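Not measured: the values here are computed from a predicted model. Chain letters run A, B, ... following the sequence lines, proteins first, then strands; residues in each count from 1.
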2 protein chains.
Amino acid sequence: MTQFLKSHRCFDCKDCNNKSPITKSLSDKHLEVLNKDRFEVVFKPDEMIYKQGTSATHIIFLTSGLAKVYIEGFQNKNLIIKILKEGEYAGGPGIFSDTRHHYSISALKETTACFIPVENWKTLIEENKDFNMDFIRSLNRQSIFTFDKMMSLTQKQMHGRMADALLYLSKEVYGKPLFELVLSRQDIADMTAMSKDSAIRVLKEFQSEGIITEQAKAIEITNMQKLENISQFG
Amino acid sequence: MTQFLKSHRCFDCKDCNNKSPITKSLSDKHLEVLNKDRFEVVFKPDEMIYKQGTSATHIIFLTSGLAKVYIEGFQNKNLIIKILKEGEYAGGPGIFSDTRHHYSISALKETTACFIPVENWKTLIEENKDFNMDFIRSLNRQSIFTFDKMMSLTQKQMHGRMADALLYLSKEVYGKPLFELVLSRQDIADMTAMSKDSAIRVLKEFQSEGIITEQAKAIEITNMQKLENISQFG
DNA sequence: TGTTTACAATGATATATATCGATTTACATA
DNA sequence: TATGTAAATCGATATATATCATTGTAAACA
């Protein structure tokens with residue numbers, strides 16, 4: 001008989017709480033609301049967590065692993081809009097509007113996602129002013145992030161966009177200049193809105209100019225200053 | 001002595017109410033909160049309503065006219081993200097996060113904007129659940145709109161992007177296939193993330209193919225079906 | 001009326017980027 | 001170890017787009 005585990009890693013939202021800034025302002029009572037109907041699912045690399053177009057019934061928190069959030073376009077062309085890491089959540093803009101997912105999320109490595117019903121999230125919004133404001137603030141930060149990305153993608157050429165993507169991975173996702181590369185070349189192309197071949201070429205150029213070093217499945221940024229210059233003027 | 005008029009056009013938010021869906025759920029009491037400290041300013045064409053980078057202290061409603069919302073990039077390259085029309089509002093993602101404006105808004109023709117202090121807006125959010133949900137919904141719809149734009153700009157080539165811009169103007173801004181063109185060629189270029197010269201060229205091509213007709217300061221879409229095809233496959 | 005000025009248009013050219021075909025490499029599996 | 005398969009690489013080429021220099025046009029103005 002199939003067993004659905006309530007929790008693989010987290011036994012209670014209280015334990016998870018310190019990982020996710022968004023839930024900071026919740027009282028024990030409200031953490032219990034969050035905890036009540038949640039369930040966790042473990043995804044293998046490349047498995048889909050959300051599928052664009054499906055019904056948006058749950059908010060997800062990543063309790064472990066890494067996932068890519070991407071919009072599926074025409075002719076198999078995707079655009080990766082962000083990388084989700086442990087402790088971060090994703091609702092998607094459809095949550096309270098048309099209740100559909102406007103992007104897909106898939107696991108980049110073994111990843112655990114915690115699913116929280118939208119109705120419970122709504123309860124928190126309605127009953128806790130601070131949480132509500134934190135949520136709105138987080139939506140706003142999302143927008144600012146998206147605007148930045150849009151400017152990078154539409155106004156810089158390939159080298160500048162690639163620099164931005166590498167800086168994003170290094171600074172915001174991993175927090176260090178040497179990081180494992182779970183993304184394929186195609187993924188990197190999808191982050192920078194260029195063809196796979198171009199992504200390969202630009203990365204090679206960065207390597208031969210000593211800006212990055214690639215060994216096995218890792219990338220190290222060896223000349224951060226130069227990369228930031230390229231980001232700014234490329 | 002300089003006179004600051006409380007209102008040029010609207011005497012009370014109650015009168016304005018039917019124009020703006022976002023305020024639909026407000027009671028008389030809360031409309032009074034909205035009304036209390038608001039003030040209107042008339043802008044001449046090309047004048048700046050918000051300047052990117054400045055302090056985000058007010059939400060604005062357009063009570064008349066038309067304005068462009070755009071992000072100022074590097075080397076004078078701007079990206080127009082939307083056109084604001086009568087009854088619509090703009091807060092900007094900085095409102096409740098870093099209290100800075102992340103985009104500029106300037107008038108495209110004589111335009112009246114009503115300024116509402118952020119604190120009053122916040123009061124409404126905190127005291128009226130329905131309004132709060134409407135506001136969140138509206139933020140979400142904004143995000144969906146931005147995602148769509150980002151996909152258009154990064155995954156379509158010039159003709160497709162131009163088609164999208166024209167369809168946007170026709171369907172969402174003016175609501176009809178014949179409309180006055182208050183935008184310059186540079187503006188259109190800034191909407192479609194291409195150079196001014198390219199924008200001119202693509203528009204000329206659309207004209208010679210009978211997709212649009214341009215007379216004086218107006219554009220008419222004469223072959224909507226064809227334009228939609230170009231939008232989809234270009 | 002002529003003159004200025006900003007905007008629009010256009011052809012020639014340069015540049016950025018995508019595409020294609022052919023190899024190579026890495027890795028999983030028999 | 002052999003072998004199949006997907007991913008990465010690379011050069012040649014085609015295409016899309018920007019840039020530049022020039023001309024045209026129409027509204028504003030002296």
Side-chain angles (χ1 to χ4, degrees), chain A residues 44-46 68 73-80 106 108-109 152-165 180-209 212-219 230 233-234, chain B residues 44-46 68 73-79 106 108-109 152-166 180-209 212-219 230 233-234:
Chain A
K44 286 193 273 288
D46 265 336
K68 59 177 175 183
F74 343 86
Q75 316 151 207
N76 293 326
K77 282 175 73 175
N78 298 331
L79 183 68
I80 295 180
S106 71
L108 287 167
K109 44 157 79 174
S152 168
L153 294 181
T154 59
Q155 307 212 331
K156 293 181 185 179
Q157 42 200 61
M158 293 197 302
H159 298 255
R161 304 203 299 271
M162 182 62 77
D164 285 344
E180 53 167 350
L181 189 63
V182 289
L183 299 165
S184 68
R185 303 288 144 156
Q186 184 61 57
D187 286 332
I188 294 175
D190 290 344
M191 280 187 79
T192 48
M194 65 182 81
S195 72
K196 186 188 57 167
D197 297 35
S198 290
I200 290 169
R201 245 179 282 271
V202 174
L203 280 175
K204 270 277 128 71
E205 273 179 63
F206 282 4
Q207 279 189 60
S208 61
E209 286 168 29
I212 60 171
T213 314
E214 203 172 352
Q215 65 265 73
K217 282 256 164 288
I219 276 189
I230 294 173
F233 303 106
Chain B
K44 285 194 274 288
D46 265 335
K68 60 176 174 183
F74 343 84
Q75 316 150 207
N76 293 324
K77 283 175 73 174
N78 298 331
L79 183 68
S106 71
L108 287 167
K109 43 156 79 175
S152 169
L153 295 181
T154 59
Q155 307 212 331
K156 293 183 185 179
Q157 43 199 59
M158 295 197 301
H159 298 256
R161 305 204 298 271
M162 182 63 78
D164 285 343
L166 291 171
E180 54 168 351
L181 190 62
V182 289
L183 300 164
S184 69
R185 302 287 143 155
Q186 183 61 58
D187 286 332
I188 294 175
D190 290 344
M191 281 186 78
T192 49
M194 66 182 81
S195 72
K196 187 187 59 170
D197 297 33
S198 289
I200 290 170
R201 244 179 282 271
V202 174
L203 280 175
K204 270 275 127 73
E205 273 180 61
F206 281 4
Q207 279 188 60
S208 61
E209 286 169 28
I212 60 171
T213 314
E214 202 172 354
Q215 64 266 72
K217 282 255 164 287
I219 277 190
I230 293 173
F233 303 107

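- Between the side chain of B/Gln155 and the main chain of A/Asn78, a donor-acceptor pair closer than 3.5 Å is present.
- Side-chain atoms of A/Arg201 and base atoms of C/dT19 include a donor and an acceptor less than 3.5 Å apart.
- With contacts defined as side-chain heavy-atom distances shorter than 4.5 Å, the pair A/Ile188/A/Met162 qualifies.
- Rounded to whole Å, atom P of C/dA18 lies 11 Å from atom CE of A/Met162.
- The shortest side-chain heavy-atom distance between B/His159 and B/Glu205 falls under the 4.5 Å cut-off.
- The closest side-chain heavy-atom distance from B/Leu203 to B/Arg185 is below 4.5 Å.
- Of the possible polar contacts, one joining the B/Asp187 side chain to the B/Ser184 backbone as a donor-acceptor pair under 3.5 Å is found.
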* Asked: Between A/Lys109 and A/Glu180, does a side chain to side chain contact (heavy atoms under 4.5 Å, CB included) hold up when you go through it step by step?
  -> CA-CA 11 Å; A/Lys109 44 157 79 174; A/Glu180 53 167 350; 2.9 Å; yes

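- With A/Arg161 contributing its side chain and A/Thr192 its backbone, the two residues share a donor-acceptor pair below 3.5 Å.
- Taking five base pairs at each end of the helix from C/dT1-D/dA30 to C/dA30-D/dT1, the local helix axes there meet at an angle of 30°, rounded to 10°.
- Here C/dT25 presents its C1' atom at 12 Å from CZ of A/Arg185, a figure rounded to the nearest Å.
- For B/Asp197 and C/dA8, the CG to C1' distance is 10 Å, given to the nearest whole Å.
- Per the geometry, CZ belonging to A/Phe74 stands 16 Å off P belonging to C/dA18, to the nearest Å.
- If you take CD on B/Gln186 and OG on B/Ser195, they are separated by 8.5 Å, rounding to the nearest 0.5 Å.
- Computed from coordinates, the B/Ile200 CD1 to C/dC7 P distance equals 11 Å when rounded to whole Å.
- Taking the 5' to 3' direction, DNA chain D first and last meets chain A under 4.0 angstrom from a heavy atom at D/dA8 to D/dA12.
- Smallest separation of non-hydrogen atoms from A/Ser198 and A/Met158: CB-SD, 3.4 Å.
- Annotation: of the two residues near DNA chain C, A/His159 and A/Lys217, the 5′-most nearest-nucleotide partner is A/His159.
- We find that NZ of A/Lys204 is positioned 11 Å from C1' of C/dT24, with the value rounded to whole Å.
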